[in-house]
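Notes for the one structure printed next.
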Amino acid sequence: MKHLGDFKRYRLLALVLLSSLALSLIGFAGKNTVYADDTVDILKAPQLMVVLEGLKQGRYPWDILTHGVRPAEVSEDPGLIGETGITKETEGTKETEVMKESEALKESEVNSQEDQTVEPEQTEASVEEEKSPSSEVPNKSPFTRVDESYFDDALFIGDSRTVGLSQYSNWKNPAYYADVGLTVYSVFDKKVATVNGEAMTIDQALKRQKFGKIYIMLGINELGRGTTETFAKKYSEVIGRIKELQPDAIIFIEGIMGVSKKKSDSDPIFNNRNIQERNAAIQSLADDTSLFYIDVNQVIMDGTGGIPSDYTFDNVHLKAAYYKIWTEFLLDHGVIRKP
């Protein structure tokens, strides 16, 4: 009777232990099915915690009966296939499917390679055709040879080099608005033009007279002033004003004539390197439509990159006999507008 009384006293404890044991067994039994996604460290928490957690998520112990048992011994190691209940027929089916997929992949790769082989050939042929000399449009020069009458309605604006052209070219019909010290900064300020015997500025003269061609050579006097950028900017403004006053004229920007090699090598300012740099800047102003760039240095400079010493008396200006080179160059670079 004494033991029966002890049992009644501790029956709640015994019920808790039995329940815990039952839930733990359920957890073990369903670890591969219902509770397969739950893990627990049995050293830190009992297996029954899996079951309790499952209750929270709506998975109940009797779900084990409906899920059955998932074999724990099935291995993913291909070397164990056959020992895990997978039949040879299944294995053969998988191998057949793998082979079919492999063959399909190879066929796809072959087709892709064939397509790639054809396309480059077509592309290369197209490129070669584009590069073929017969298919290229030649870059036709806008210049043509003209005679002296071409300059009957021409105006030459410039510094001391243009003064020399007016004296030694033997061209009497063109107009010359030139002065020894003329620059892009003073071109519209000095009274270097004469119209009907009256001295006036170039700006005033261009309002009174109309020209078919206007030639401009300025820049040698500006080498010691400003930068290439400021010079080109001012040059552009001068061109803009002339076009405004003479909208129908063909305008020729003449490259600054170089100096002799002796002068260039000894002068830090008036040298051919600085001249070439500024010529490149004003060349960019041309549009080959109504504004053209021509450079007489192409026919005057020798192999040293300067004016031949025989051509100049002061390493800067041409001797009278060599202005013929300049006029011939101008005759070779006329521009004829189509009607």
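Residue numbers run from 1 in the order of the sequence given.
With rounding to the nearest 0.5 angstrom, the NZ atom of Lys191 is 8.0 Å from the CD atom of Glu198. Atom NE2 of residue His333 and atom CD1 of residue Ile294 lie 7.0 Å apart, to the nearest 0.5 angstrom. With rounding to the nearest 0.5 angstrom, the OG1 atom of Thr194 is 8.0 Å from the OH atom of Tyr177. In this structure, CD1 on Ile242 lies 9.5 Å from CG on Asp203, to the nearest 0.5 angstrom. Rounding to the nearest 0.5 Å gives a distance of 11.5 Å between CZ of Phe231 and OG of Ser236. In this structure, the separation between CD1 on Ile269 and CD1 on Ile275 is 12.0 Å, given to the nearest 0.5 Å.
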Determine, step by step, whether Ser149 and Asp147 satisfy the side-chain hydrogen bond (donor to acceptor under 3.5 Å, both in side chains) criterion, reporting the C-alpha distance in whole Å, the side-chain angles of both residues, the deciding distance to 0.1 Å, and the verdict.
-> CA-CA 6 Å; Ser149 64; Asp147 59 31; 2.4 Å; yes

Please walk me through it: do Leu165 and Thr327 pass side-chain contact (heavy atoms from CB on, under 4.5 Å)?
-> CA-CA 8 Å; Leu165 183 69; Thr327 56; 4.0 Å; yes

Stepwise, does the side-chain contact (heavy atoms from CB on, under 4.5 Å) test hold for Tyr323 with Asn170?
-> CA-CA 10 Å; Tyr323 275 90; Asn170 294 319; over 6 Å; no

Mind running side-chain contact (heavy atoms from CB on, under 4.5 Å) on Ile307 and Met257 for me, showing each step along the way?
-> CA-CA 9 Å; Ile307 298 177; Met257 192 183 300; 4.2 Å; yes

Could you please spell out the steps behind the side-chain contact (heavy atoms from CB on, under 4.5 Å) verdict for Ile253 and Tyr235?
-> CA-CA 10 Å; Ile253 299 173; Tyr235 206 114; 3.5 Å; yes

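Within a 6.0 Å sphere centred on NZ of Lys213, heavy atoms belonging to other residues, nucleotides or ligands number more than 12. Within a 6.0 Å sphere centred on CG of Asn196, heavy atoms belonging to other residues, nucleotides or ligands number 12 at most. Residue Lys262 qualifies as open at atom NZ: its count of foreign heavy atoms under 6.0 Å is 12 or below.
Side-chain contact between Trp326 and Tyr168 is absent, with no heavy atoms from C-beta onward closer than 4.5 Å. Using a 4.5 Å heavy-atom threshold, the side chains of Phe329 and Ile300 count as separate. A heavy-atom distance below 4.5 Å is not found between the side chains of Arg161 and Glu254. Counting only heavy atoms from C-beta outward, the side chains of Tyr185 and Thr230 approach each other to under 4.5 Å. The side-chain heavy atoms of Tyr150 and Ile336, taken from C-beta on, include a pair separated by under 4.5 Å. At a threshold of 4.5 Å between non-hydrogen side-chain atoms, the residues Ser169 and Tyr176 count as touching. Taking 4.5 Å as the limit, some side-chain heavy atom of Leu182 sits within range of a side-chain heavy atom of Lys190. The shortest distance between side-chain heavy atoms of Ile220 and Phe270 falls below 4.5 Å.
Under a 3.5 Å cut-off, the side chain of Lys207 and the backbone N or O of Leu245 do not form any donor-acceptor pair. At least one donor-acceptor pair under 3.5 Å links the side chain of Gln246 to the backbone N or O of Phe211. Side chain of Asp295 to backbone of Gln298: no donor-acceptor contact under 3.5 angstrom is found. In this structure, the side chain of Asp152 does not engage the main chain of Asn173 through any donor-acceptor pair within 3.5 Å. Between the side chain of Ser264 and the backbone N or O of Asn272 there is at least one donor-acceptor pair closer than 3.5 Å. Distance alone, capped at 3.5 Å, is enough to place a donor-acceptor pair between the Thr201 side chain and the Gln204 backbone.
Looking only at atom types and distance, the side chain of Asp302 has a donor-acceptor partner in the side chain of Thr304 under 3.5 Å away.
For Trp171, the side chain to side chain donor-acceptor pair (under 3.5 Å) test picks out no residue, with sequence neighbours left out.
Between Arg225 and Glu222 no salt bridge is recorded (no basic side-chain N to carboxylate O distance below 4.0 Å). In this structure, Glu237 pairs ionically with Lys233, as a charged nitrogen and a carboxylate oxygen lie closer than 4.0 Å. Salt bridge status for Glu328 with Arg145: present, with a side-chain N to carboxylate O gap under 4.0 Å.
In terms of heavy-atom proximity, Asn297 sits nearest to Ile256 at ND2-O, 2.8 Å. Between Phe143 and Asp332, the shortest heavy-atom contact is CB-O, 4.0 Å. Shown here for Ala205 and Val195, the closest heavy-atom pair between the two residues is CB-CG2, 3.8 Å.
The side chain to side chain contact (heavy atoms under 4.5 Å, CB included) with Ile251 is formed by just one residue from the set Ile157, Leu285, Leu155, Ile216; it is Ile216.
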